[in-house]
Engineer: 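This is the structure, below, for whatever I ask next.
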Amino acid sequence: MGRRPSSLFARKPIETLLQEVEGGERLNRVLGPVALTALGVGATIGAGIFVLTGQAARNDAGPSLILSFVLAGIGCLFAALCYAEMASMVPVAGSGYTYAYATMGELVAWIIGWDLVLEYAIGSSVVAVGWSQYLAALFRDQFHLAIDPRWLNAPWDFDLEHHAFLWKQVEVVMPDGSTGMAQAYFNLPALMIVAAITVILVVGIRESASFNLAMVLVNLCVILLVIGLGSTYVEPKNWSPFLHKDHGWKGIPLGAAHIFFAYIGFDSISTHAEEARNPKRDLAIGILASLTICTILYVSVAAVITGMVPYLEIDVKAPIASAFVGKGSTWAAGLITGSILAGITSALLVSTLSQPRILLAMARDGMLPVGFFGAVHPKFLTPWKATILVGLIVGSVSALVPLDLLADLVSVGTLFAFLMVCVSVLILRARSPEVPRPFRVKGLPFVAGMGILLNGGLMFSLGPDNWIRLIVWLALGLVIYFGYGRYHTHLKPATDQEIG
């Protein structure tokens, strides 16, 4: 006799979630508030600040990108407060997936979990592509060596204007010294850095966190250098006109939506709840501290870059390094580019680190095969099988898929996850007021309501193409849920499970 399906809207009691933390295969609790904050900062100040800043300024907002980061930061603040309350009361791996399971039921939890799979896997791929671009800039500007562009680009591209796929052609130097067009192969540096990060992640969370902390310290130093040195090259005339010539005031929310995935860092903190030494206190500290630090840095860098270079002249592939080269500071560009590589490596590590924890939480509930996704290495105490699989997927996507097609898809997924966490905390406050809340949001209806309004509004700024891709991804996830997850979940079958 086959398995009977679970109820679509059966909720997982918070008491059950907390009991599960004490039994079975557990992760290693070694992260304090500093390490958690560093993880959040490391995930946030990566490709967003070093790559997408140039794209969003040139294509969407111009100098008003400064306000785009402020707007995105405000939307994140409301969501972050909701995350902090949920993470402190339900300190279990899984982030928004776990919160949705406790509040809105199994089907919604699956949708959020599947959305987080997209958010982290594609987000890591975007970061890896950004790492590759800065590596090429370092070789070009400092060593006068050009990496063959066929090994720096995906083999195909997507024409957003005509909605058509086409083979990627790049300019290469022929043996006789002339130039010509040739078919791109794949992004080899992106694939290589993902492989190296995957090895580090399998070895252990303590080693990963220590490596990340070192990279974050380097990262913060170089960003402060960019702000300090770059401010001496700022020409106020470059901020006028302040609005983008094509988009005007609409460019501010458009830019905020396009760079929004750069704020994914504090979500990654909540995925490490089981590895926090004192999750009821430290998670809230890490989430709010990392968001505050990163918003200040984003706004400052956006102001400096758009002040150094007219926004229509910004190099979208390596905006910060190219800005300093253009000012004649080649030495500074080299130092900054090398440090940026360290910073992007940190962002890649944290985003790739978070993905297997989501899959682990889903596997524990029976949504995915627990023998694979729930396997914790006996020595390293990491979800090693899931980590290797994530590494293979992220490496393949970063090598074969163009950046422009990836970034907006991650943003719409991130906004969707943030919106649902704001909904979850409202529901849980009403349904389970008795559950202890070490961190309690003041004025929750207003905070959660503004989080829903702002994040939902930014989602609509991204246009129909991104919505279509998100819907296709979620539809694929529903096929897996109805084909496997619903029949293997650990909740009781629909005829037995009490709903509500």
Side-chain angles (χ1 to χ4, degrees), residues 1-21 23-25 86 90 92-122 267 270-271 273-274 354-376 383 385-386 389-390 393 412-413 416-421 423-425 427-428 431-432 467-500:
M1 182 176 177
R3 291 176 180 264
R4 290 154 62 191
S6 64
S7 168
L8 295 179
F9 301 103
R11 298 193 305 275
K12 191 172 185 179
I14 292 179
E15 295 78 8
T16 301
L17 288 169
L18 297 178
Q19 289 171 5
E20 289 179 350
V21 176
E25 290 186 310
M86 294 293 288
V90 190
V92 182
S95 184
Y97 161 78
T98 299
Y99 309 152
Y101 214 159
T103 57
M104 291 177 280
E106 184 175 287
L107 178 60
V108 177
W110 171 268
I111 292 173
I112 298 300
W114 191 244
D115 175 67
L116 289 171
V117 170
L118 170 73
E119 182 181 329
Y120 280 106
I122 304 300
D267 177 274
S270 66
T271 69
E274 287 186 32
S354 302
Q355 173 70 95
R357 274 74 183 165
I358 303 291
L359 299 172
L360 173 67
M362 298 173 75
R364 284 176 178 168
D365 293 328
M367 300 279 203
L368 295 170
V370 69
F372 186 90
F373 293 99
V376 176
K385 292 182 180 178
L389 177 63
V390 168
I393 294 173
V412 73
F416 181 60
F418 286 4
L419 185 152
M420 296 306 294
V421 169
V423 173
S424 295
V425 76
I427 294 174
L428 202 56
R431 284 181 173 168
S432 303
W467 281 87
I468 292 172
R469 294 175 200 144
L470 178 63
I471 291 171
V472 169
W473 174 258
L474 294 180
L476 175 62
L478 289 176
V479 171
I480 298 174
Y481 171 71
F482 283 105
Y484 180 90
R486 193 183 178 200
Y487 292 89
H488 292 82
T489 177
H490 297 162
L491 290 181
K492 295 179 181 179
T495 54
D496 301 328
Q497 177 72 20
E498 179 182 354
I499 310 304

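Note that this is a predicted model, so its numbers are computed, not measured. Counting begins at 1 with the first residue of the sequence.
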Engineer: Would you check if F482 and L8 make a side-chain contact, meaning some heavy-atom pair closer than 4.5 Å?
Structural biologist: yes
Engineer: Nearest 0.5 Å, please: how far is CD1 in I111 from CE in M420?
Structural biologist: 7.5 Å
Engineer: First locate atom NZ of K12, then atom OG1 of T489, and finally report the distance between them rounded to the nearest 0.5 Å.
Structural biologist: 8.0 Å
Engineer: Search all heavy atoms of G371 against all heavy atoms of A375 and return the closest pair with its distance.
Structural biologist: O-CB, 3.6 Å
Engineer: Does the side chain of L118 come within less than 4.5 Å of L474's, by heavy atoms?
Structural biologist: no
Engineer: Looking at CZ of R486 and CE of M367, how far apart are the two atoms once the value is rounded to the nearest 0.5 Å?
Structural biologist: 11.0 Å
Engineer: Do you know the tightest heavy-atom contact between A417 and D115?
Structural biologist: CB-OD2, 3.5 Å
Engineer: Grab the two heavy atoms, one from A363 and one from G374, that are nearest each other, plus how far apart they are.
Structural biologist: CB-N, 3.7 Å
Engineer: Look up atom CZ in F416 and atom CD1 in I112, then write down how far apart they are to the nearest 0.5 Å.
Structural biologist: 4.5 Å
Engineer: Partners of F372 by ring pair (Phe, Tyr, Trp, His ring centres under 6.0 Å), sequence neighbours excluded?
Structural biologist: none
Engineer: If I take atom CD from residue Q355 and atom CG from residue L389, how far apart are they, to the nearest 0.5 angstrom?
Structural biologist: 9.0 Å
Engineer: If you look at every heavy atom in S424 and M86, which pair is closest and at what distance?
Structural biologist: CB-CE, 4.2 Å
Engineer: Please round to the nearest 0.5 Å and tell me the distance separating atom CG of L368 and atom CH2 of W110.
Structural biologist: 4.5 Å
Engineer: With heavy-atom distances below 4.5 Å as the criterion, would you say the side chains of Y101 and R11 are in contact?
Structural biologist: no
